[in-house]
Amino acid sequence: MVVGEMILETDILVIGGGPGGYTAAIHAADLGRDVVLVESRKQLGGVCLTEGCIPSKTLIHAVGLARNADDARRMGLVHDGISFDVDKLRRHVQKTVKVLSSGVSSLVENREIERITGHARFQDKNTVYVDGANTIVHFNHAIIATGSEINALPAEVMKNLPDGDSGIWTSAQALGVPEIPESLLVIGGGYIGLEIGQAYAGLGSRVSLVEFNEALLSGADKDLVRVVVTHCERDFEAVHTGAKVTAIEPVEDGFRVTMEKSEDESQEGFQQEFTRVLAATGRHPNTRDLGLDLIGLEPDAKGLIPTDEVCRTPVPHIFAIGDVAKGPALAHKASREGKVAVEVICGKSSAFDNVAVPAVLFTHPEIAWTGLTEADAKEKNIAYKVGKFPLTALGRARSTGKTDGFVKVLAEPESDVILGVGIVGEHASELVAEATLAIEMGACLEDLIVTIHPHPTFSESLMEAAEMASHGSVHMMKASS
Amino acid sequence: MFEFKLPDLGEGIHEGELLQWHVAVGDTVKEDDPLCEMETDKAAVTIPSPRAGVISALNASPGDTVDVGSVFVVIDDGSGDAAAKEKAAQEEASDTAPQEKNASRPDPPSEQRPKGRVLAAPATRRLAREMGIDITQVSGSGPGGRVTPEDLNAYDGADAGPDTAENPEDTAAEDRASEPKAVAEPLEVSGIPFLEVQGLATPDGPVEREPFRSLRNKVAVKMTSSSILMPHVAHMDDIDVTDIEAQRLAYNLRQADKSDAGREETAEKNPGKLTLLAFVMKAVAAGLKDYPMFNASVDLSSREIVYKKYYNIGFAADTPRGLMVPVVHDADRQSLAGVGYRIRHLAGLARNGEISVPELTGGTFTITNVGAIGGTHVFPIINAPESAILGLGRVEKRPVVVGDDKIRVRKILPVTLCFDHRVADGAQAAAFVRDLKDMLENRLEFMSRI
């Protein structure tokens, strides 16, 4: 023992104060358990709250207002063009994060949860040492909720850039809105790249995007993605799919980037200069520096900790939730798992038996899906029928001018049991909640059809799509026979 | 995985009703942790876990009838294949009667949805877990095959016993199964290592059979449970009661005179004769205050020792109906004469079958006085959920070596303290009994402490 070391004893140790970890800590305290919460950041809320979901959605909302104001010229709104005060925008984003994070801190303090700021590493199966707080915590149960972090670009690509601060933006830096660059290259065509790319395009940057795969947003059904790609092609200066960045070198006022088509090695690469470059090239679980080897836990090839349906690792009193465990790396999945793990520790009959984990992309327009996707159904050879309802046929969509997009419902052919829902369009992120409930409840098409949906709202589109899957919608032309 | 089959619950018992689970799926259990309460037509029993591990399935819900020999709990003890082999071997060896019974039932729903998806609301899925039902085995009555809470309630599991009242065919099967067995082999492999409940061999001579009834049955249940579930330790000693007996007999002579004078006995004015039991009870009540572990209970559900701050001392009484344990409430707060009066009063009520339930319940410690009939040391079984019992042998005159190496005739009371080793250790028992001995051998010690 080192002089000055603190030693704490607790029933449940939660490592990581993100949406999974803080939810687990609070839930455990509410169930009467003694809890210690370790978080390496000063603020609680994790990537989601401090440099992910919350700041990005704040920024995207602000940009959306500007876009709406532009669209509204058609409706007779008169203005001399919209522009942003970057300093004010930045402060607004920061304040939003600060208010929410201190809210989480208050909730944690309110439960008298012992909170330690530092990096926890396991020493043995019942002990961690928290670096930065010089504290040892002995625990009966632990929940690992350390989340994930952004992948760095390959060293080969980065070799011409200065060590330390390379000048390449991470998503976290981009969301801090340090400036509105004249031109921006987004590396990575996943949802983070698209969301931030579209946001900066809305702020006035000339945005280019490069993606290694042939398709953007792999994982989402192609028909949903197509609607967003149409917007990207309009808003972005260029979209290079099937291409990769091979080198980046600093130049005056920016970077010179060499790209080449990944398919065709023989073809000469092309070069272009950008004021800023954003690396949005995926994430990896934070499981490398936790001392997992000392407790006999071995992450798989992707860095994920193996868990069962109650989030229990092979070490029975240690649980893993969120981005370090299997499944999509999403905040709402992490927080649900956090509750499951705590309830299991407290002897309750709980399990992560969710059928559907909704995915939401705050692109323009939004994409959301839940349950089975069409791509999945085809790959796994699952029989389904599908009903699609375009927003152009929806009164409320017309009234707002947001007619891009559609809702589709996948159902079992015989039983009409709803298997999955995909949505692209305005408010997709909100509509997917009802669809998820329907799937969790084991609802059939008729359940959605006979439920009265308020008129005129976007929510009617889900009911209409269910009708399309069943027998056809009142609001669609009859198919010619 | 270890598949725990419902062990044999006693001769002629083929099934039990599940009253209550003490565990849920996902719980970690240690060996001997209580799994559930089962009630047979004869008794209620707590079934302990035969293994340490994690509960991975509970195949019955409260109210269900479970056949002896059917797998009703699956415990993940990390043993994998080895356990599977053992299970196969057990299945070969096990009694086939329960399977035969099931064969006459309509086919249980076993078709799983393709894709392994369970069609049920989240709350229903949780209910299924709480009821210990594998919801994938339940066929749903809702639209599209959705499983409803009613479906769960109606589901009695593929292995559970049928509702015999509704199915005459099953009644026939039941009768077959309940035919007495004239075998000497083990009735059933219990799942607890080395525990084997032997069937009764065909008797070699004339016998008379008597079913366990009422009080006999209660005693059997209590004593079996207590002796199996509590680690008993006995601590024995001899107490020299020569002086206290002399005092007591002199006192009783005076009381007899009062009674002869026609005065009515009451607890306060004229309590009547004192028995040695009254002295022992007062000494125990006083001593328990210094040794709370012998006035305690184990709360299995919360894993806590419950120390009682009240001293209700029961005493075993042999009655025409069987063994009863009347309780002297607050023995520590009553006078010696008061305790003596209560003992005689309660024993009288018990003998005449007039004793009430409150007078038989609420005890925190028990004294059994079987020595009054005969014998030296006894080895009593703790009266659960209490944590200790004091057994008194017969007071006898014995040659004793006293202070100056002379042999004297002394009256000796042999005592045995049996205690639950989970809550107390031998040193505490020795100290407690030494204190009792001090009080009963030394009049001043007694007077100063009671």
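Note that the coordinates shown come from a computational prediction; the quantities given were computed from them, not determined experimentally. Just so we're on the same page: letters track the sequence lines, and every chain starts at 1.
- B:H232 pairs by the ring-ring contact (aromatic ring centres under 6.0 Å, His included) definition with nothing, not counting sequence neighbours.
- Identified by a heavy-atom distance below 4.5 Å to chain B, the contributing residues of residues 310-343 of chain A are A:R312, A:E343, in residue-number order.
- Each of B:G26, B:P122, B:G142 has some count of heavy-atom pairs under 4.5 Å with chain A, and the biggest count is that of B:P122.
- Between A:K408 and A:D221 there is a salt bridge, since a side-chain N of the basic residue sits under 4.0 Å from a carboxylate O of the acidic one.
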Please walk me through it: do B:K5 and B:S70 pass side chain to side chain donor-acceptor pair (under 3.5 Å)?
CA-CA 5 Å; B:K5 294 173 178 174; B:S70 67; over 6 Å; no
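- Defined by atom type and a distance below 3.5 Å, a donor-acceptor pair is missing between the side-chain atoms of B:Y155 and B:Q137.
- Both the backbone and the side chain of A:D353 come within less than 4.5 Å of a heavy atom of chain B.
- Proximity to chain B (any heavy atom under 4.5 Å) is restricted, for A:D447, to the side chain, taken from C-beta onward.
- With chain B as the partner, the residue from A:I345, A:V344, A:V355 showing the most heavy-atom pairs under 4.5 Å is A:V355.
- Legend: residues meeting side chain to side chain donor-acceptor pair (under 3.5 Å) with A:T10, ordered by chain and number and at least two apart, are absent.
- In this structure, B:S141 OG and B:E150 CD are separated by 7.0 Å, a value rounded to the nearest 0.5 Å.
- The structure places CD of A:E460 at 10.0 Å from OG of A:S473, a figure rounded to the nearest 0.5 Å.
- Residues satisfying the side chain to side chain donor-acceptor pair (under 3.5 Å) criterion with A:K378, sequence neighbours excluded, are absent altogether.
- In this structure, chain B has no heavy atom under 4.5 Å from any part of A:L445.
- Checked for salt-bridge contact, B:R125 and A:E440 meet the test: a charged N lies under 4.0 Å from a carboxylate O.
- Interface remark: B:T124 contributes no atoms to any contact with chain A (heavy atom separation under 4.5 Å).
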